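To find a chain, count down the sequence lines: A is the first, B the second, and so on, and within it residues start at 1. Everything numeric in this text was worked out from a predicted model, so none of it was measured.
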Protein chains: 2
Amino acid sequence: MIAAPYLLYLGNVNDEVGIKTSRGLAVFRPDECVGEFRHDGCELTLGLPRMGFAEAVAAGARTLVLGIANAGGKLGAELVADAQTAIEAGLDVASGLHHRLRDEPALVEAAARHGRQLHDVRDPRPDISVGNGKPRAGRRLLTVGTDCSVGKMYATLCLEKGMRARGMKADFRATGQTGILIAGGGVPLDAVIADFISGAIEQLSPARDADGWDLIEGQGSLFHPSFAGVSTGLLHGAQPDAILLCHDPVRPHMRGLPHYAMPGLEETLEANLRVARLTNPGVRAVGIALNTSKLSSAEAHRMCGETSDALGLPCVDPFSMGVDPIIDWINQCFEPSSRAAMPSL
Amino acid sequence: MIAAPYLLYLGNVNDEVGIKTSRGLAVFRPDECVGEFRHDGCELTLGLPRMGFAEAVAAGARTLVLGIANAGGKLGAELVADAQTAIEAGLDVASGLHHRLRDEPALVEAAARHGRQLHDVRDPRPDISVGNGKPRAGRRLLTVGTDCSVGKMYATLCLEKGMRARGMKADFRATGQTGILIAGGGVPLDAVIADFISGAIEQLSPARDADGWDLIEGQGSLFHPSFAGVSTGLLHGAQPDAILLCHDPVRPHMRGLPHYAMPGLEETLEANLRVARLTNPGVRAVGIALNTSKLSSAEAHRMCGETSDALGLPCVDPFSMGVDPIIDWINQCFEPSSRAAMPSL
């Protein structure tokens with residue numbers, strides 16, 4: 001277990017998407033975050049008090065969370081130096097990067113010397129099996145996206161909150177480092193060995209005999225040339241009854257790849273439904289989640305309305321507008337008596 | 001480097017597909033295989049002399065190749081005991097299974113005591129990057145399949161042999177353990193971390209400035225619920241100009257999954273072309289390779305003819321009939337002057 005409360009690391013990152021892990025914790029676990037650490041070159045903030053390591057320890061922080069992301073997940077020299085300083089100040093360190101803390105001798109040695117813990121959140125369980133594609137009990141919803149980092153985790157967590165507020169049973173199933181830190185468990189899917197992608201999701205979301213929903217956090221995009229294999233295995237392992245499509249309407253091109261255009265929403269829905277049908281022929285789309293954080297409220301509502309009309313599905317920004325229309329639609333689609341009568345996309 | 005010649009392990013396996021690594025070596029590296037090791041319960045043979053370990057050492061063997069496959073790639077107790085006995089008799093041991101020899105203390109200790117080597121062929125290079133999807137120079141062909149283990153490696157190797165026999169430049173690029181043992185290098189794709197699948201293939205088949213073809217060994221199937229993520233990343237990383245569809249016409253259901261029916265050939269071609277277009281919009285199908293080893297010659301030729309007529313592409317069993325019609329078609333499709341005139345599937 002990772003000891004809370006946390007000091008959230010921003011370092012020198014100046015890319016909003018690059019600090020999504022730190023921000024996710026600040027948003028969904030506000031009570032467990034005492035401050036943020038950033039260098040003078042960092043112009044971003046989570047709205048938490050800015051603190052040095054000693055100051056954070058004095059304020060009660062027990063773990064520095066390296067909540068930043070970069071393609072490939074390497075630890076840079078600055079990050080290692082900062083982590084070492086944090087350890088010396090009395091903090092544990094948790095990281096969701098591919099490159100492991102335990103592979104940095106300086107950190108291993110410092111942690112041993114100061115009696116601190118290193119947590120590599122991206123280490124998958126050792127007992128994952130190859131997926132078998134067998135149908136299993138219970139309802140599952142998977143968030144899918146036009147791209148990486150378009151709001152799949154936020155949408156999934158907002159849906160859990162909204163469903164629970166209505167007394168429905170719903171459980172967030174985390175597949176990325178931020179989600180795992182928030183949920184307290186899950187599978188770091190992008191760190192799983194390629195042959196076991198779908199098996200890892202079958203393990204994460206096994207037969208669900210109680211009613212209610214497993215809400216599975218999506219990863220990547222079928223249209224991202226770097227990560228579509230992960231998204232494909234995730235779709236097959238999840239066997240979703242429902243998919244919720246997530247999109248960032250101001251994203252200019254596929255993340256990290258200026259030479260790749262964003263796919264259309266309808267094209268993305270169709271591709272995901274086509275792939276998902278292999279393991280669940282009854283899969284259906286239940287809504288669109290737009291990340292409208294960079295739009296005015298008027299623009300955001302207009303865009304959601306137009307998208308809803310164009311695709312015949314509820315469309316909201318789950319974070320700013322709530323998820324009620326999507327939950328209503330899910331309950332209509334999957335209420336046993338009316339299920340057969342629902343149109344399918 | 002793995003020391004030849006080899007003793008090929010069959011153990012107690014009685015599933016023809018389960019010994020495909022041993023058989024692949026016997027077929028494509030006959031000069032380096034001195035014998036086969038099998039227990040009395042094994043009713044299969046590679047046509048090599050049956051030998052015990054000491055006998056194999058006396059015949060010149062230097063490495064026992066654990067050329068068997070099973071879902072998940074676990075090492076069983078019998079396999080470990082046999083490998084230990086082989087080491088004690090004076091053999092190195094090479095394995096392509098997921099479960100590593102180096103993770104078996106008994107084998108590590110025996111190898112150290114007897115001065116023998118353990119080779120885990122499924123250890124990927126440590127320097128693989130995330131794929132970037134950028135177009136790169138040169139022609140690439142990828143074999144794809146309706147299922148796992150339908151003859152993709154055989155088809156790719158036969159194509160290399162056929163192209164070279166005509167004086168064309170062509171290089172087999174291995175993505176599985178058998179292929180790597182045959183080629184002397186490659187990437188064990190199913191052992192790569194999920195985020196790096198396409199990047200591993202970009203590394204395996206970089207820009208090719210000389211003319212000729214990289215012939216990339218396919219893996220899995222877009223229609224196999226356990227492994228489609230691997231196949232998807234492979235398609236995106238390979239950026240194939242050409243795909244060759246491989247199929248076993250007597251396979252009753254998806255390998256290991258009696259609850260999954262085989263997909264149709266046309267459906268499989270369409271799905272692969274659709275996925276491949278993300279990184280190479282000009283991709284085209286150049287033929288069908290049928291594994292007709294369980295059919296009579298008359299049946300095999302009739303089936304190839306019918307398949308060719310139905311799909312409008314050359315269709316052969318590459319192993320028993322050669323690959324000339326496919327090479328002819330490739331040369332027509334990709335000869336610069338006539339390229340634009342070719343119909344696309």
Side-chain angles (χ1 to χ4, degrees), chain A residues 70-74 98 103 122 124 126 128-135 148 175 187-202 219-237 239 254 256-260 263 270-271 274-275 278-280, chain B residues 70-74 98 103 122 124 126 128-135 148 175 187-202 219-237 239 254 256-260 263 270-271 274-275 278-280:
Chain A
N70 52 3
K74 310 266 194 228
H98 263 304
D103 290 334
R122 236 168 188 153
I128 300 173
S129 296
V130 168
N132 61 40
K134 288 184 186 160
C148 307
T175 60
V187 60
L189 194 61
D190 57 0
V192 166
I193 298 289
D195 249 14
F196 298 90
I197 303 172
S198 63
I201 301 301
E202 293 181 4
Q219 293 293 336
S221 164
L222 293 182
F223 293 88
H224 198 296
S226 313
F227 307 118
V230 174
S231 307
T232 299
L234 177 43
L235 273 162
H236 288 161
Q239 300 180 5
M254 295 301 282
L257 305 177
H259 45 304
Y260 279 90
E270 279 171 9
R274 195 186 296 119
V275 171
L278 181 69
T279 58
N280 188 346
Chain B
N70 52 2
K74 310 266 194 228
H98 264 304
D103 290 334
R122 236 169 187 154
I128 301 173
S129 296
V130 167
N132 60 40
K134 289 185 186 159
C148 307
T175 60
V187 60
L189 193 61
D190 56 0
V192 167
I193 299 289
D195 249 14
F196 298 90
I197 303 172
S198 64
I201 301 301
E202 293 181 3
Q219 293 294 335
S221 163
L222 293 182
F223 293 87
H224 198 296
S226 313
F227 307 118
V230 174
S231 307
T232 299
L234 178 44
L235 273 162
H236 288 161
Q239 299 179 7
M254 295 302 282
L257 304 178
H259 44 305
Y260 279 89
E270 279 170 9
R274 194 185 296 120
V275 170
L278 181 70
T279 58
N280 188 345

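The contact between B/Leu222 and chain A is made entirely by backbone atoms, counting heavy-atom distances below 4.5 Å. At a 4.5 Å heavy-atom cutoff, the contact between B/Leu278 and chain A is made by backbone and side-chain atoms alike. At a 4.5 Å heavy-atom cutoff, the contact between B/Thr279 and chain A is made by backbone and side-chain atoms alike.
To the nearest 0.5 angstrom, B/His236 atom NE2 is 7.5 Å from A/Thr232 atom OG1.
At distances below 3.5 Å, at least one donor-acceptor pair connects side-chain atoms of B/Ser198 with backbone N or O atoms of A/Pro225. A/His259 places a side-chain N or O within donor-acceptor distance of the main-chain N or O of B/Asn132, the cut-off being under 3.5 Å.
Residues that satisfy the side-chain contact (heavy atoms from CB on, under 4.5 Å) test with A/Ser221, not counting sequence neighbours, are A/Phe223, A/His224, A/Met254. In terms of the side-chain contact (heavy atoms from CB on, under 4.5 Å) criterion, residue partners of A/Ala200 (sequence neighbours excluded) are, by chain and number, A/Ile128, A/Val187, A/Leu189, A/Val192.
Side-chain contact between A/Ile197 and B/Ile197: present, with at least one pair of heavy atoms (C-beta onward) separated by less than 4.5 Å.
Of the listed residues A/Ala271, A/Gly233, A/Ala194, A/Pro135, the one with more heavy-atom pairs under 4.5 angstrom with chain B than any other is A/Ala194. With chain A as the partner, the residue from B/Gln219, B/Lys134, B/Glu202 showing the most heavy-atom pairs under 4.5 Å is B/Lys134. Of the listed residues B/Ser226, B/Pro263, B/Gly131, the one with more heavy-atom pairs under 4.5 angstrom with chain A than any other is B/Ser226.
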